[in-house]
Amino acid sequence: MRFPFILVFLLGCATAAFAHDYKLGTLTIGHPHARPTAPSQPAGGGYLTVLNNGAADRLVSAASPVAVSVQMHSMRMEGDVMRMREVDAIELPPGKTVELRPGGLHLMLIGLKAPLVPGQTFPMTLRFEKAGEVKVEMKVDPTVSGPAHDKH
């Protein structure tokens with residue numbers, strides 16, 4: 001009877017070790033991650049989710065020491081062309097989860113100081129209009145799928 005208990009305990013520990021969520025007031029930031037980049041690639045993409053269990057808020061900026069700057073971008077189809085635009089803020093409606101993902105809203109790490117390699121982690125500071133600032137660890141995850149938009 002000990003074996004199943006130990007197995008359940010170890011699986012629980014493994015799940016906790018891979019849990020990648022951060023709390024800031026009523027906001028929960030989930031699975032912050034980035035894609036690996038090539039050695040000469042000047043920019044990369046950052047992704048995460050934000051669950052807002054409180055009043056409306058906005059993500060107004062992000063910063064990381066791995067890049068000269070971090071911009072917030074949106075992507076959308078205009079006719080037959082995918083357009084990417086920098087946005088001033090990302091709206092976080094109450095009771096909703098906003099997903100920053102490939103092909104949609106995302107963070108652009110501009111002027112990478114070194115390539116992002118699989119398994120690497122790096123700090124990022126997210127600043128919200130009402131909730132304030134939170135530091136998260138971005139994990140470079142090679143399994144993220146989506147358009148290869150982070151090559152510009």
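None of the values given here were measured: they were computed from a predicted structure.
We find the NE2-CG distance between H20 and D141 to be 9.5 Å, quoted to the nearest 0.5 Å. Separation of atoms OG1 (T121) and CD (E137) is listed at 4.5 Å; rounding is to 0.5 Å. Between M108 atom CE and M72 atom CE the span is 13.5 Å, to the nearest 0.5 Å.
In the hydrophobic clustering of ILVMFWY residues, with side-chain heavy atoms under 4.5 Å counting as a link, V81 and M77 come out apart.
Closest approach of G30 to D21, counting heavy atoms only: CA-OD1, 3.2 Å. The two residues I110 and Q71 make their nearest non-hydrogen contact at CG1-CD, 3.9 Å. Residues V87 and H73 approach most closely at CG2-N, 4.2 Å, considering heavy atoms. Scanning all heavy atoms of the two residues, the minimum distance from A34 to L116 falls at CB-CD1, 4.1 Å. Listed here is the closest heavy atom pair of M138 and H33: CE-O, 3.2 Å. Residues L27 and A131 come closest through the heavy atom pair CD1-CB, 3.6 Å.
Here the side chains of K113 and V66 are not in contact, with every heavy-atom distance at 4.5 Å or above. Using a 4.5 Å heavy-atom cutoff, the side chains of L126 and V134 are in contact. Side chains of S74 and M84 form no contact here, defined as non-hydrogen atoms less than 4.5 Å apart. For the pair L51/N53, a side-chain contact is recorded, criterion being any heavy-atom separation below 4.5 Å from C-beta on. When side chains are defined from C-beta on, L48 counts as touching L107, because their heavy atoms get closer than 4.5 Å. At a threshold of 4.5 Å between non-hydrogen side-chain atoms, the residues Y47 and H31 do not count as touching. Looking at L100 and I90, their side chains come closer than 4.5 Å, going by heavy atoms from C-beta outward. Residues K96 and N52 are not in side-chain contact: their nearest non-hydrogen atoms beyond the backbone lie 4.5 Å or more apart.
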>> Does Y22 form a side chain to side chain contact (heavy atoms under 4.5 Å, CB included) with K135? I'd like the steps, not just the answer.
In response: CA-CA 9 Å; Y22 299 84; K135 290 185 190 229; over 6 Å; no
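For S61, the side-chain hydrogen bond (donor to acceptor under 3.5 Å, both in side chains) partners are R127, not counting sequence neighbours. Residues forming a side chain to side chain contact (heavy atoms under 4.5 Å, CB included) with A67 (at least two apart in sequence, or on another chain): L109, L112. Partners of P115 under the side chain to side chain contact (heavy atoms under 4.5 Å, CB included) rule, at least two apart in sequence or in another chain, are T37, P39. Every residue meeting the side-chain hydrogen bond (donor to acceptor under 3.5 Å, both in side chains) condition with E91, not counting sequence neighbours, appears here in chain and number order: R58. Residues that satisfy the side-chain hydrogen bond (donor to acceptor under 3.5 Å, both in side chains) test with Q120, not counting sequence neighbours, are absent from this structure. For K23, the side-chain hydrogen bond (donor to acceptor under 3.5 Å, both in side chains) criterion is met by T28, not counting sequence neighbours.
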